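All values derive from a computational prediction rather than experimental measurement. Naming convention: chains lettered A, B, ... in sequence-line order (proteins, then strands); numbering from 1 in each chain.
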There are 2 protein chains.
Amino acid sequence: MRDSELPAIRRLPLFRTMSEENFMSLTRAAYVQTFPPQVLLIEEGAQPDFLHIVMEGAVELFAGWHRRETTMAIVRPVSTFILAACIKDAPYLMSARTLEKTRIILLPVGDLNSIFRRDPDFAMATVEELASCYRRVVRQSKDLKLRSTRERLAAYVLRKSADAGGTASLVLPVEKRLLASFLGMTPESLSRAMRSLKDDGAKIDGQRVIITDRAALEALARPSILIDGPDFERAEEPDTSSATP
Amino acid sequence: MRDSELPAIRRLPLFRTMSEENFMSLTRAAYVQTFPPQVLLIEEGAQPDFLHIVMEGAVELFAGWHRRETTMAIVRPVSTFILAACIKDAPYLMSARTLEKTRIILLPVGDLNSIFRRDPDFAMATVEELASCYRRVVRQSKDLKLRSTRERLAAYVLRKSADAGGTASLVLPVEKRLLASFLGMTPESLSRAMRSLKDDGAKIDGQRVIITDRAALEALARPSILIDGPDFERAEEPDTSSATP
DNA sequence: ACGGTGATTTGACCCAGATCAAAACTGAAG
DNA sequence: CTTCAGTTTTGATCTGGGTCAAATCACCGT
């Protein structure tokens, strides 16, 4: 592994708080590999062997059932994936494949679990991480069950815009085919929904989306902090101003 | 709290492994309340105050968005809910209401977190619990995205049958209106889907479902361990028989 | 038993989104 | 530059489920 990569990993919430000693021993045991696009990294149903960390590129998490397939998440650097399966030592519920040339760090579950068992700070970080993962999926479920396809797409565009710092113009980070699957619709529906957003404040040009009327788009998407994030919410700071009951 | 309830709580995976001392101090700080049906226990967006444990009755977890509402889960005794929000001290993503007369134990988040921070066994159990919750929601998402309403209903019936020990006859544990919402369909659709299952090996009579042809029902639902559970999967036992490659 | 309220079912209709088919575009390999 | 394969768009059509409305049904409390 490149030493230059260690700080980026260390900065992840999952590893930030653990002891230096344990961090070193964990990363010393790690494997690193670079994969071309479209490589199957993980097959659902298999037993976990490594906690994966994406350093460069992108990974699709997807699930299949009887000829059908759906995209569950897209993982970009720097983040870990399939932590829950590793912790439970239970079969993967999702498959994973590279979308681009992708550099992955593999931490053997054995090392992970043994350190996890003796480093309380790491255990604590794991709890935080799993709680975040859980809440992310709950949000996705709500998005899926409560919004129509157009509303879902509009909300997605607003989220990405927010991620990019609130810019009006943004580039879709993935193929539309994938985005459609992630959003729970067909590519055809996505294409049409996207075009139909012109009347609601967003137009598309290739991979670029331009928000022409944020108010209108928000009127459609009705973004909610309880669905659309942000992912890392915290309790409100205590109000330091004078009492306002 | 009734002392007779303590063993049932203690038996929960979340509390089974913690020290007796911490368990006692946690439960000594607890409140107990019995609520009539249809009482709102938790409102989404609020800050967590207590970890809830259902001792008797049933609780619906649901989420709303702009006039729409959907059932996310139904919690039955003895189990905890909204652990993730408590751990992260982040706003509830779901609301909760009683469905029946329900007895709830409330553990103040303060006590929970302080014990959680000094009892490694409890921290470990929390990790397991959160990983389970996460995997449950991932399964639900897959169910929702990959199956049609009829398939989803068929799979639900098979799951409930399995829960009941594989019996052919079972009683729906909740109102159909709720079940419909949980399964992501309207009551009308549920009603029709249910009747249409007659051709696929299941018939309904009031709240009772009778599986008349399990093979046919399975052909429709195509149950998968990666969607339909069981919830508490474990790694395979090593095969002790002679090698069969 | 009687009314009343909400759950469930049934029927008629509709529509969002899927499917099927084909054209237009895009990009990588030679 | 051309070819080829995959993606995206467009058009036409279909249909799974939703919506609306009304009839039953089931379970209350009186």
May I have the distance from [X] (atom [atom1]) to [N] (atom [atom2]), rounded to whole angstrom?
X	N	atom1	atom2	answer
R177(B)	dG6(C)	CZ	P	11 Å
E151(B)	dG16(D)	CD	C1'	12 Å
R195(B)	dT9(C)	CZ	P	9 Å
E175(B)	dG6(C)	CD	C1'	9 Å
L183(A)	dG17(C)	CG	P	12 Å
L179(A)	dT9(D)	CG	C1'	15 Å
K198(A)	dT10(D)	NZ	P	9 Å
L172(A)	dT7(D)	CG	P	16 Å

- Message: On DNA chain C, compare the nucleotides closest to S148(A) and E188(A); which residue's is nearer the 5' end?
- Response: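 Here S148(A) is the residue nearer the 5' end.
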- F50(A) vs Y31(A) aromatic rings, parallel, tilted or perpendicular, using cut-offs 30° and 60°? perpendicular
- Would you indicate, yes or no, if dT9(D) has its OP1 or OP2 atom less than 4.0 angstrom from a side-chain nitrogen or oxygen of S191(A)?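 Checking dT9(D) against S191(A), a side-chain N or O does come within under 4.0 Å of OP1 or OP2.
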- Taking only N and O in the side chain of T149(B), is any of them less than 4.0 Å away from OP1 or OP2 of dG17(D)? yes
- Quick one: are E69(B) and S181(B) in side-chain contact, heavy atoms under 4.5 Å? no
- Non-hydrogen side-chain atoms of L217(A) and V157(A) separated by less than 4.5 Å: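 Side chain of L217(A) against side chain of V157(A), heavy atoms only: contact under 4.5 Å found.
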- Task: Using the salt bridge (charged side-chain N to carboxylate O under 4.0 Å, His left out) rule, take R208(B) and D205(B) through it: C-alpha gap first, then chi angles, then the decisive distance, then the call.
- Result: CA-CA 5 Å; R208(B) 179 167 297 277; D205(B) 175 34; over 6 Å; no
- Answer yes or no: is there a donor N or O on one side and an acceptor on the other, between the side chain of T212(A) and the main chain of G201(A), under 3.5 Å? yes
- Query: Looking at the side chain of T186(B), which of dG18(D), dT8(C), dT10(D) is the nearest nucleotide?
  - Reply: dG18(D)
- Query: Which nucleotide in the set dT7(D), dG18(D), dA7(C) lies at the smallest distance from any side-chain heavy atom of M185(B)?
  - Reply: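 Of the candidates, dG18(D) comes closest.
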- Item | Any donor-acceptor N/O pair under 3.5 Å between dT19(C) base and R192(A) side chain | yes
